[in-house]
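Throughout, residue positions are numbered sequentially from 1 according to the sequence presented.
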Amino acid sequence: MTITVEPEVGIPLPDSATKIKLADRISAAAETSKLLASHGLDIQVTAEDKDNAAKIATAFAADRIMTTKKATPKRTAALTPATLLLTDRSLKDFGHSVVKSSTQIRHLVTNKLIEETENPDARIRIRALELLGKVSDVGLFAEKAEVTVTHQTTDDIRDRLRDKLTKLVDVTPDDVEDAEIIDATPVDNTPIDIDAELGLDDEG
């Protein structure tokens with residue numbers, strides 16, 4: 001079955017297209033190449049295709065962010081189907097190797113810690129056991145925080161706020177006493193006896 005494709009030229013790409021990861025864009029383009037190949041597209045791999053794929057994969061391994069910025073959708077669209085297929089394979093192999101490498105390092109560190117649990121120094125043994133307990137697979141010393149969420153409706157919150165504001169503003173007359181105003185200015189310049197004014201002169 002022959003597929004007839006009539007591309008529409010001059011249609012701008014949406015802004016979201018520039019935010020797609022390079023590996024995802026290459027993978028999508030490679031899948032399109034595979035689909036076209038299944039319908040008769042003859043894909044011939046040349047030395048230039050291999051070189052271009054190697055350059056992209058090497059640059060991606062060195063700096064993913066910068067390589068993604070440089071490999072714009074327009075530049076990616078200019079790559080040949082063979083280059084896209086080779087690049088997609090290289091990026092996926094690179095991703096698997098990174099995961100495999102990190103797993104190997106994890107196992108190495110864990111095994112070393114297990115060995116240190118037999119160390120003659122008690123401090124090293126305890127420290128090794130502590131670190132092993134903190135491994136995510138074990139989770140023995142993982143700190144857990146419980147968060148209680150109380151769901152309230154808007155009306156409940158409004159009523160609570162209204163009650164608090166009422167208590168702050170509403171002051172009943174029984175709670176208020178008028179202050180007794182005392183003229184502190186002496187008539188004959190005689191000093192005022194504070195104890196007598198306050199009724200404390202008769203106390204002990």
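Cluster annotation: Leu86 and Phe60 are assigned to distinct hydrophobic clusters (Ile/Leu/Val/Met/Phe/Trp/Tyr, side-chain heavy-atom contacts under 4.5 Å, transitive). Both Ile114 and Leu131 sit in one connected hydrophobic cluster of ILVMFWY residues. Membership requires side-chain heavy atoms under 4.5 Å apart, directly or through other members.
Side-chain contact between Asn52 and Thr87: absent, with no pair of heavy atoms (C-beta onward) separated by less than 4.5 Å. Side-chain atoms of Ser38 and Leu35, non-hydrogen and from C-beta on, do get closer than 4.5 Å to each other. For the pair Pro81 and Leu36, the minimum side-chain heavy-atom distance is 4.5 Å or more. Residues Arg158 and Asp155 meet the side-chain proximity criterion, which asks for heavy atoms closer than 4.5 Å. Side-chain contact between Thr68 and Lys21: absent, with no pair of heavy atoms (C-beta onward) separated by less than 4.5 Å.
Only one option out of Leu79, Leu85, Thr83 pairs with Asp49 in a side chain to side chain contact (heavy atoms under 4.5 Å, CB included); it is Thr83.
Smallest separation of non-hydrogen atoms from Leu22 and Ala71: CD1-CB, 3.6 Å. In this structure, Arg75 and Lys70 approach most closely via the heavy-atom pair NH1-O, 3.0 Å. Nearest approach of Leu113 to Ala128, heavy atoms of both residues: O-CB, 3.6 Å. When all heavy atoms of Glu118 and Arg125 are compared, the closest pair comes out as C-CD, 4.2 Å. Of all heavy-atom pairs between Ala57 and Leu91, the closest is CA-CD2, 4.1 Å. The shortest heavy-atom contact between Glu116 and Ile124 is OE1-CG2, 3.4 Å.
By the 6.0 Å contact criterion, CD1 on Ile157 is enclosed, its count of non-hydrogen atoms from other residues, nucleotides or ligands being greater than 12. Residue-environment remark: CD (Glu48) stays at or below the threshold of 12 foreign heavy atoms within 6.0 Å.
Between Asp121 atom CG and Arg127 atom CZ the span is 13.5 Å, to the nearest 0.5 Å. In this structure, CG on Asp156 lies 11.0 Å from CG on Leu161, to the nearest 0.5 angstrom. How far CD1 of Ile126 is from OG1 of Thr117: 12.0 Å, rounded to the nearest 0.5 Å. Distance check, rounded to the nearest 0.5 Å: NZ of Lys74 to OG1 of Thr76 gives 12.0 Å. To the nearest 0.5 angstrom, Asp159 atom CG is 7.5 Å from Thr153 atom OG1.
Here Asp163 does not pair with Arg160 in a salt bridge; the nearest charged N to carboxylate O distance is not below 4.0 Å. In this structure, Lys55 does not pair ionically with Asp51, as no charged nitrogen and carboxylate oxygen lie closer than 4.0 Å.
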